[in-house]
Protein chains: 2
Amino acid sequence: MSLPHAILTALLEKPSSGLELTRRFDRSIGFFWAATHQQIYRELGKLEQAELIRAIPGPPAQGRRKEYEVLPKGREELAAWVSRSDPPRQLRDPLALRLRAAAVVGLGDVGAEVRRHLEVHAAQLDDYRAMETRQFPPDRHESAEARLQHLVLEAGIEMERFWTDWLRRVDAAVTELAGPSGSDPQSGPDAKSSLDPKSSLDAQSSPDPGRGSDAEAGR
Amino acid sequence: MSLPHAILTALLEKPSSGLELTRRFDRSIGFFWAATHQQIYRELGKLEQAELIRAIPGPPAQGRRKEYEVLPKGREELAAWVSRSDPPRQLRDPLALRLRAAAVVGLGDVGAEVRRHLEVHAAQLDDYRAMETRQFPPDRHESAEARLQHLVLEAGIEMERFWTDWLRRVDAAVTELAGPSGSDPQSGPDAKSSLDPKSSLDAQSSPDPGRGSDAEAGR
DNA sequence: GACACCATGTAATCGGTTACATGATTCG
DNA sequence: CGAATCATGTAACCGATTACATGGTGTC
């Protein structure tokens, strides 16, 4: 249930049409909750029906774009949502899966994929940093609003820094592994040397099923 | 299309029944791609139909659990997938949205939610660290397989470290903001002092629409 | 034989993604 | 006037989540 609230926030910051919203999502809010124009239009419709927002009756822009603004009820809903609670979303990262798969069936071409991701994340990091210097000049003390927005941007920056650092290390590792030993870019799918099923990452807990061991994951 | 390949990886590491797989997902692979038992059974069915895996004909466990193992075709599919490419998944984080919303409608109770997340991430971090010391003892040089698995675990550790660090800073900030000034736990939804729409995070690009400015996001 | 729980599933729903449709405006 | 682009949508699909169903096992 995050998308409608993202839209409410965006509309409170500045009343907009559907397309404007889409653009603004691409540029800032969407960094933490992406949305396509189809989703946005659909959600705008629902929000309007629920009377949380309304189309500004503006006379001239007829047959053209519709501007929406947030109604008091919408602001209340958003304020209530701010105090609500969601369990933290769990991470989903296919690249990590690829690496684990690569540990079993051979490296194949993961290196290329790793470098692709590295480029994307590095570019995003630059982007965020540019935003930061533009919008949050140093040593001038910030308003409450700016402070919060800055913290969110910092999350983006540190996240991307984490990714780029990690991906560089992964790149180094796969290059080294692919290079000297097998050099298997299209590894034949047969038995590998160092394959010891006992050392597999989660095999060690299975000997004693039913104990408290499994519950650790949920603690 | 990640779930089936996660399952193939898990089954190659060790043939298992549906329930065992579910447990192992909770404990290790699922850290990067969570799945419930319903998803897993459904996917096992599909994989079996596609003849990428098969139920081990094992005679004794009749009427009880079914153990699956990967067929050569499944291994090939996984090896091919390793070399495939997905664009990096985009981040989705409701908490970041909440903070941006809080910047507009008041802090409400975000503090509590921030601390809840902090606890969860701190616990996860401890878990990962424990896994690391257990499974990857230092200074013994690792096999290729272990090296890759270790890198994946490191990603988890650094990710959680990032979250805990950031959440602690956020907690400090919202405590400070909520404390001295308004102390508004249930902020009345009316005009705030430092609310300048011009300084809003993405409003600065709208004066000149259609320029190259929007394209920056995609570079 | 009642009860807890182990193990495997089915069905309904929901949010996100992709592909396609339609009218209106701008530009050559 | 025709083509490109802007702006707003509709429809189909797909993976993930939630709730419910069923039968078998082990235990008192």
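No experiment lies behind these values; they were computed from the predicted model shown. In what follows, chains carry the letters A, B, and so on, assigned in the order in which the sequence lines appear, proteins first and then strands, with residues in each chain numbered from 1.
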Test item: side-chain donor near acceptor, A:H5 and A:E77, under 3.5 Å:
yes
A:R54/A:E48 under salt bridge (charged side-chain N to carboxylate O under 4.0 Å, His left out): CA gap, chis, key distance, verdict:
CA-CA 5 Å; A:R54 66 161 186 176; A:E48 189 178 21; over 6 Å; no
Whole angstrom value for the distance that separates C1' of C:dC6 from CG of B:L21
16 Å
To the nearest Å, give me how far apart CD1 (A:I7) and P (D:dT8) are.
13 Å
side-chain hydrogen bond (donor to acceptor under 3.5 Å, both in side chains) filter on A:H37, not counting sequence neighbours, yields none
Return a single string for nucleotides 10-19 of chain D, one symbol per nucleotide in 5' to 3' order, where B is base contact, S is sugar-phosphate-only contact and - is none, cutoff 4.0 angstrom on heavy atoms.
B----SBBBB
Please check if any side-chain donor atom of A:R100 sits under 3.5 Å from a side-chain acceptor atom of B:S28, or the reverse.
yes
Mind checking what makes side-chain contact (heavy atoms from CB on, under 4.5 Å) contact with B:Q38, not counting sequence neighbours?
B:T36
How many whole angstroms separate atom NZ of A:K66 from atom C1' of C:dG23?
13 Å
Separation of C:dG15 C1' from A:D86 CG (nearest whole Å):
14 Å
Can you find a side-chain donor-acceptor pair between A:S16 and A:R24 that sits under 3.5 Å?
yes
